[in-house]
Protein chains: 2
Amino acid sequence: MSSERLAELAGVNAAKVRKDLSYLGSYGTRGVGYDVGYLLHEISRELGLTHDWPVAIVGVGNLGQALANYRGFGARGFRIVALFDADPRKVGRKVGEHAIQALEDLPEVARRGRVAIGIIATPAPAAQEVADRLVDAGVTSILNFAPTVVSVPSGVSLRKVDLAIELQILSFYQRRRDGGAARDGVALDGAKSDGPRRDGRAASARAR
Amino acid sequence: MSSERLAELAGVNAAKVRKDLSYLGSYGTRGVGYDVGYLLHEISRELGLTHDWPVAIVGVGNLGQALANYRGFGARGFRIVALFDADPRKVGRKVGEHAIQALEDLPEVARRGRVAIGIIATPAPAAQEVADRLVDAGVTSILNFAPTVVSVPSGVSLRKVDLAIELQILSFYQRRRDGGAARDGVALDGAKSDGPRRDGRAASARAR
DNA sequence: CTCTGTGAAATTTTTCACAGCG
DNA sequence: CGCTGTGAAAAATTTCACAGAG
């Protein structure tokens, strides 16, 4: 497949595809294009997707369950190994193939299962406490879904997922489209349409 | 509050804070800093968070329910107005204050409720079909949580949330920290730690 | 004096454009 | 030939550094 086609499918410039891929090595064939299977393999290897990453989820509400059942973690090397909840009534209940455990067991389980990544899926007020416990248990990568700012010591990676931000981005562009309150001086960057477009036209990557 | 302090809290450079805020207008006071309340107000206005955005969720599995119950949409103007599911057994069941409706009712409900944003929270195989129905119903902003590529006609904004990508980013940096397979020529950018750090040190925004 | 707002410089990212490989 | 790989140019973003407002 040519860089041109890959670019079209990804909604970016062909030169960018070639430039980016060139950082991984010379995996294309001049005059022909790229072998997609081989490319996938090399990219997976570079990103570490061949690695096995034990993941623990803390907070088994709707979101925690959704994450626990999410197909597609497995394909990328993420393996849910434990679920924790502070609610004693939930402890022992099974979600998928895992029984929910008490937060007190976190240190023991995290160490024994070599948990590399902790996911916080609790209500906001519990998030900092849970983060502290994860850090104490030796977890050095944390993904926070709770709608609150959490702090961790240096040496620990923390990322936050804000489920409302994508909606904000969509609404920002919708308001522009509708001429809701157009005004100058604001940087623009199109709401992207990922993947090939049904109508064959490239996603307009920039407004204006 | 000074740009310096805001920058520290956000984990960025103070000049960037000032430069960015300057695009909104001159809301700071020289020698003093910014009035946080006023700043929040102006930013909200600029981002359109004062606007009301009716949202419909299609697919009421764990993720759909999690989204339906997510606190914090409301604060930013997103109002869940309808839930849809293709499973007849779910239709009529209540989730929060909304009864689940049949997919067939989407066009009617979307138009009557002036749905601005549709959220796809279905399994992957149903996503494209749902996207088509949303588009047909006049929805021009779509957020796709299904782990599959969906295409829409131009004129419709589509964004995709991939719950595994954040884990990938965390694991990428963890492998680097552990010296898993360091290699040169790969662009670096630190896994960010958002918010103030417990230990007072700034999040290392870049590796190397 | 302190801290903003902002030109200018530095850096990074993206795109162009083309030599040359298969 | 067609398409990659990549220097070089262009564009965008980030940072510096400082005049000047409060």
Side-chain angles (χ1 to χ4, degrees), chain A residues 1-43 46-47 169 172-173 176 183-194 196 201-208, chain B residues 1-43 46-47 165 169 172-173 176 183-194 196 202-208:
Chain A
M1 184 178 287
S2 70
S3 59
E4 187 105 34
R5 181 93 179 94
L6 287 169
E8 189 194 323
L9 292 169
V12 301
N13 181 295
K16 183 166 212 309
V17 169
R18 294 201 298 278
K19 182 68 103 176
D20 285 3
L21 290 179
S22 76
Y23 288 115
L24 302 181
S26 289
Y27 299 140
T29 307
R30 292 173 187 227
V32 179
Y34 298 87
D35 179 318
V36 174
Y38 184 52
L39 215 46
L40 283 171
H41 173 262
E42 287 301 326
I43 292 171
E46 191 68 38
L47 293 179
I169 294 170
F172 183 81
Y173 291 110
R176 275 188 178 276
R183 75 181 30 229
D184 288 340
V186 177
L188 286 172
D189 192 2
K192 72 160 188 264
S193 178
D194 52 358
R201 302 219 285 127
S204 68
R206 341 218 130 243
R208 182 171 305 186
Chain B
M1 184 177 290
S2 68
S3 58
E4 187 106 33
R5 180 97 178 91
L6 287 170
E8 190 193 323
L9 293 169
V12 300
N13 182 294
K16 184 168 210 309
V17 169
R18 294 201 298 278
K19 181 69 99 176
D20 285 3
L21 290 179
S22 77
Y23 289 114
L24 302 181
S26 289
Y27 298 141
T29 308
R30 292 172 186 224
V32 179
Y34 297 87
D35 179 316
V36 174
Y38 185 51
L39 213 48
L40 283 172
H41 173 262
E42 287 301 326
I43 293 171
E46 191 67 39
L47 293 180
I165 274 190
I169 295 171
F172 183 80
Y173 291 110
R176 274 185 179 276
R183 73 180 33 228
D184 287 341
V186 177
L188 287 173
D189 193 2
K192 72 158 190 264
S193 177
D194 52 357
S204 67
R206 350 217 122 241
R208 181 170 307 185

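We name chains A, B, ... by the order of the sequence lines, and we start the count at 1 in each one. What's counted below: heavy atoms across the whole structure, side chains too, no hydrogens, waters or symmetry copies.
Atom-to-atom, CG of B:Leu21 to P of C:dG5 comes out at 8 Å; the value is rounded to the nearest Å. Rounded to an integer number of Å, the gap from B:Asn13 CG to D:dT14 P is 10 Å. Taking atom CZ on B:Arg30 and atom C1' on C:dT4, their separation rounds to 5 Å, with Å as the unit. Rounded to whole Å, the distance from NZ on A:Lys19 to P on C:dT12 is 15 Å. The distance from atom OH of A:Tyr34 to atom C1' of C:dG22 is 14 Å, rounded to the nearest whole Å. Between the CE atom of A:Met1 and the C1' atom of D:dG2 there is a distance of 16 Å, given to the nearest Å. Spacing between atom CG of A:Asp35 and atom P of C:dG22 amounts to 16 Å, rounded to whole angstrom units. Here the P atom of nucleotide D:dT4 and the OH atom of A:Tyr38 are 16 Å apart, to the nearest Å.
Note on B:Lys16: a side-chain N or O is less than 4.0 Å away from OP1 or OP2 of D:dT14. Taking 4.0 angstrom as the limit, B:Ser3 places a side-chain polar atom (N or O) nearer than this to OP1 or OP2 of C:dT4. Not one side-chain nitrogen or oxygen of A:Thr29 sits closer than 4.0 Å to the OP1 or OP2 atom of D:dT4. Contact check, A:Tyr23 against C:dT14: no side-chain N or O comes under 4.0 Å of OP1 or OP2. Close to D:dC3, at under 4.0 Å from its OP1 or OP2, lies no side-chain N or O of A:Tyr27.
Counting only heavy atoms from C-beta on, B:Ser22 has its side chain closest to C:dG5 among C:dG5, D:dA8, C:dG20. Candidate nucleotides D:dG5, D:dG22, D:dA17 were compared by shortest atom distance to the side chain of B:Ala15, and D:dA17 ranks first.
Positionally, the nearest nucleotide of DNA chain C for B:Glu4 lies more toward the 5' end than for the other of A:Val12 and B:Glu4. Projected onto DNA chain C by closest heavy-atom contact, A:Arg18 and B:Gly33 fall at different nucleotides, the more 5' of which corresponds to B:Gly33.
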What do the steps show when you test B:Asp20 against B:Val12 for side chain to side chain contact (heavy atoms under 4.5 Å, CB included), and what is the final call?
CA-CA 11 Å; B:Asp20 285 3; B:Val12 300; over 6 Å; no
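Between A:Ile43 and A:Leu24 the shortest side-chain heavy-atom distance falls below 4.5 Å. Within the 4.5 Å cutoff, side-chain heavy atoms of B:Met1 are placed close to those of B:Leu9.
Within a 6.0 Å sphere centred on CD of B:Glu42, heavy atoms belonging to other residues, nucleotides or ligands number more than 12.
Of the inter-residue distances, the one linking A:Leu21 atom CG with A:Tyr34 atom OH reads 5.0 Å to the nearest 0.5 angstrom.
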